[in-house]
Engineer: 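One structure, as structure tokens, below. Some questions next.
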Amino acid sequence: MSGVPDQNIHPVATGLAAKTVEKHQGQQPLVFYAGWFCPFVQRTWITLEEKGIPYQYVEVNPYKKEKHFLEINPKGLVPAIEYKGKALYESLVLSELLEEEFPNHTPNVLPKDPVERAYARIWIDYVAKSILPWNMRLIQAQEADKQKDALDELNKALRTFAEKIKGPYFLGEQFSLVDIAIVPWVVRDYIITENRGFSREGVSPKWKQYADLVEKRDSVLNTQSDKEYYAEIYGRYLRDEAQSELAKAIRAGKPIP
Ligand SMILES: N[C@@H](CCC(=O)N[C@@H](CS)C(=O)NCC(=O)O)C(=O)O
């Protein structure tokens, strides 16, 4: 294995995600630069699929930092989109762009009312700032006491989120960007279940009910690769070997880029 193992990840999507990729090879005004394995990518991908927006899928291994890709996203991260002569990135910015640029492509993933929209954004922000860092710290924690602390904090943060779920989705009947912000980590939670003692029931019955529901949404299933390929990637994080910018930031206790 080379010193930069992230460069050697499986090159393409598999399973249902591979079928979705196949349907989106033709040229389109909107080009979606993606990595099949990436939960941030999956957010934007789910938004594209939910809304039925035409797009061209281009697979990128962001760890290779190829010149063309760095010209599109100087941060070198997937997801990125090229559209109307502009290169854009950041998963949540992209998902909001898709809603605003294609309001007539339904379902709408943000409420129409600005006050309700603001409320949705507060909880999207909560996912990013108060839930995900604990999820990643839990995966990266090597010592038992650090794992326990991270698991306690993650459970607490998920419980707070779960208490606000209107049902069946976070905002009620409408599947929204709040759900999209968190669902890629819901579908990957078997990693922390198998390796770090996490359980959906252990958070709360309400969380379990929600998690069991959102993971079955078509747009979520159709952007998922086969489990065994994720296990390979997360294995590096679990053993503290990953070399990505993201992994380094987590190890250094910095905010997730
Ligand atoms: N905040 C970014 C995070 C994106 C991100 O971290 N992508 C990872 C893959 S999951 C990446 O491209 N990593 C390349 C690297 O760390 O060098 C977003 O929401 O889009």
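Start at 1 and go down the list; that is how both ligands and their atoms are numbered.
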Engineer: Between Glu232 and Arg236, is there a side-chain N and carboxylate O pair less than 4.0 Å apart?
Structural biologist: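 Salt bridge flag = yes for Arg236 with Glu232.
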Engineer: Between Tyr89 and ligand 1, which residue portion shows a heavy-atom distance shorter than 4.0 Å: side chain, backbone, both, or neither?
Structural biologist: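 Neither; nothing of Tyr89 gets under 4.0 Å from ligand 1.
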Engineer: Salt bridge or not between Glu153 and Lys156? Use side-chain N to carboxylate O under 4.0 Å.
Structural biologist: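 Yes, this pair counts.
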Engineer: Run the numbers for me: atoms of ligand 1, each under 4.0 Å from some heavy atom of Lys65, listed by number.
Structural biologist: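 In order of numbering, the contacting atoms are 14 (C), 15 (C), 17 (O).
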Engineer: Counting heavy atoms only, which of Gln7, Glu90, Lys64, Lys248 is nearest atom 18 (C) of ligand 1?
Structural biologist: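 Minimum heavy-atom distance to atom 18 (C) of ligand 1 goes to Glu90.
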Engineer: Look at atom NZ of Lys129 and say whether more than 12 heavy atoms of other residues, nucleotides or ligands are closer to it than 6.0 Å.
Structural biologist: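 Atom NZ in Lys129 is not crowded, with 12 or fewer foreign heavy atoms closer than 6.0 Å.
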Engineer: Does Glu59 have more than 12 heavy atoms from other residues, nucleotides or ligands lying within 6.0 Å of its CD?
Structural biologist: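 Atom CD in Glu59 is packed in, count exceeds 12.
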Engineer: Given Ile233, Leu92, Leu77, Val78, which has its nearest heavy atom closest to atom 7 (N) of ligand 1?
Structural biologist: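 That would be Val78.
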Engineer: Go through ligand 1 atom by atom and flag the ones less than 4.0 Å from a non-hydrogen atom of Pro79.
Structural biologist: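 The atoms of ligand 1 under 4.0 Å from a heavy atom of Pro79 are 20 (O).
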Engineer: As an exercise, identify every atom of ligand 1 less than 4.0 angstrom from a heavy atom of Cys38.
Structural biologist: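 This gives 7 (N), 9 (C), 10 (S) as the contact atoms.
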Engineer: Is there a salt bridge (charged side-chain N to carboxylate O under 4.0 Å, His left out) between Lys67 and Glu71? Walk through the geometry before answering.
Structural biologist: CA-CA 6 Å; Lys67 190 166 168 282; Glu71 280 162 11; 3.1 Å; yes
